Each structure stands twice: as structure tokens, then as C-alpha cells.
Amino acid sequence: MDNVSNIKLGKRIGCGSYGVVHKAIWQANDQLKKIAVKIIQENNEDSETEIINKKKNILNEIRNLQQFNHRNIVTLYGAAKDPDNTIYMIFELADCGSLYNFLHCSANDVSYVDKINWMAQCAKGIDYLHSNNTIHRDLKTQNLLLFDKYRRLKIGDFGTVKQLTTINTEFIGTIRYMAPELVIANGKYTEKCDVFSFGIIFWEVMSRKKPFEDLKDMHPLAIQKKILEGCQR
Ligand SMILES: Nc1ncnc2c1ncn2[C@@H]1O[C@H](COP(=O)(O)OP(=O)(O)OP(=O)(O)O)[C@@H](O)[C@H]1O
């Protein structure tokens, strides 16, 4: 895809570290498709290193998503860049939003069976990534998307995905979902870091509470220390 003129932007539905996400309508081959568009603009305030890292992560996300094909992994339809270097990533639309929004921002009830079903789908998505020698590294409920009347769960946001064959020492992820070995300086990590995040998500889904919420006002380093000391919830 190299042209964004046949995309009609709608309401903004989310915002991440790299850009904003909008609902949109895409006219493709005489068909109108509901999509989600992640728009990544160059920010004049970004340092050169930030711009390089941003581009690296976006390319990483596009490259990874193009090679994945699984019912529990979000589909990327394509990506495009306009003359002012704004990047558009075109995704299938999660019509029921993120699992985070469902759990913490809605009053809708969900049964125990449905919760287990979500977790089984999440596990299948993770298993697919690991069988393809990749680690996600930032699994959290904001990155789990819901479709089809809340029945289907798919993993989204692949900017942090890494090949398992490389030696992983980079400090990446979201503190409250992060495995202890990621927190230790230069700790080498493997696919087990995703399994740890899966455990935190499982607790969050079952309890419908945000993980380590009592620590939310603490500095990330202090949160890390608490987790290393074995603090639970
Ligand atoms: N395909 C999609 N359909 C519907 N909503 C989406 C889709 N992709 C993302 N979103 C929404 O947009 C939000 C921002 O997504 P994005 O991937 O940019 O960042 P994030 O994962 O929340 O944050 P970060 O990238 O900083 O970890 C998500 O939390 C989700 O609510």
C-alpha cells in the first residue's frame, strides 16, 4: 500500500507512545472496510536518537506483522507514508476495543468461562509467536484487542517483538507486567518473560483489578524493586 487518499479518518480511539489510533473507513476494490489506522508523525521535539529508535520500532512492527498469520494475532492490511513523512499503519478494527478498556472502563459483566476463553486465546497467540522464534516483550491488557461481540481476542502492538535467536538484554516493556529477569540490569531474557506477563494478565482478568495498583504513585525503579522483593498484586 502506498496511498492513503482512499482512507476516511473517523474518531480517535487510542494513543500509544508512537502515535494515535483512529477508526476509519477504507475504500479498497469497490468495498468499504472499517479499519483502525495508527498515525505516526515526526515530532520536531524528538532527539535524533529518539527518531532512530522510533523508526526502528515501527519498521520492526510492520515487518513482524507482515509475516504473522494467526487467528489470535491482529492483521495488518498495509502501511503507507505521505510526503511529510507521516506513517499510516492500517489494521483490522477491533470493534470491541481493548481488553483493558473492557475490564476497567466498562460495567459489562463477563462470565468465568468467557474469561478462561480469552486467556486460552491469548495463550494460543503467544504460543504461535514463540513457535516462530519471537518474543512479544510487552504483553498487557492494552495490547489485547477484542472482536466479534467480545468473543475473539487478538494480540496487537508488535513494535517490541524480537527474534529469540538474538541475545536480549534491552530494557523494554511495561513495568507492572515485567518479569524480574527483565528488571535486573543486563538480565538476559527469553520467551519466559511473556509467560510472566501472561500470569499478570491472568490475575488482572480474573480479579478485574489493575496489577500493582497500590504502587501506582511510586517511581518505576521503586516498583521494580518491590516486584523483585516478591511483592504480589
Ligand atoms: N486494531 C485496533 N482496533 C481498535 N483499537 C485499537 C487497535 N489498535 C490499537 N487500538 C487502540 O489504540 C490504543 C493505542 O494503541 P498502540 O498500539 O498505539 O499503543 P499501546 O500499545 O496502547 O501503547 P504503547 O505502544 O505505548 O505500548 C490501544 O490501547 C487500543 O485501545
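Order of listing sets the numbers, starting from 1, for every ligand and every atom in it. A quick note: this is a predicted structure, and the numbers were derived from the prediction, not measured. Hydrogens, waters and symmetry mates play no part in the numbers below; they use all other heavy atoms, side chains included.
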Taken in chain and number order and not counting sequence neighbours, the residues that satisfy side chain to side chain donor-acceptor pair (under 3.5 Å) with Gln27 are none
Practice prompt. Look at Lys33 together with Glu92 and state whether they make a salt bridge at an N to O cut-off of under 4.0 Å.
Written response: no
Within the heavy-atom cut-off of under 4.0 Å, ligand 1 is lined by Ile13, Gly14, Cys15, Gly16, Ser17, Val21, Ala36, Lys38, Phe91, Glu92, Leu93, Ala94, Ser98, Asp138, Lys140, Gln142, Asn143, Leu145, Asp157
Between the side chains of Thr134 and Asn132, is a donor N or O closer than 3.5 angstrom to an acceptor N or O? no
Besides Val195, the hydrophobic cluster formed by Ile, Leu, Val, Met, Phe, Trp and Tyr side chains linked at under 4.5 Å, directly or via other members, contains none
Besides Val21, the hydrophobic cluster formed by Ile, Leu, Val, Met, Phe, Trp and Tyr side chains linked at under 4.5 Å, directly or via other members, contains Ile13, Leu93
Under 6.0 Å from the ring centre and within 45 degrees of the ring axis: does the NZ or CZ of Lys140 meet both conditions for the six-membered ring of Tyr100?
no
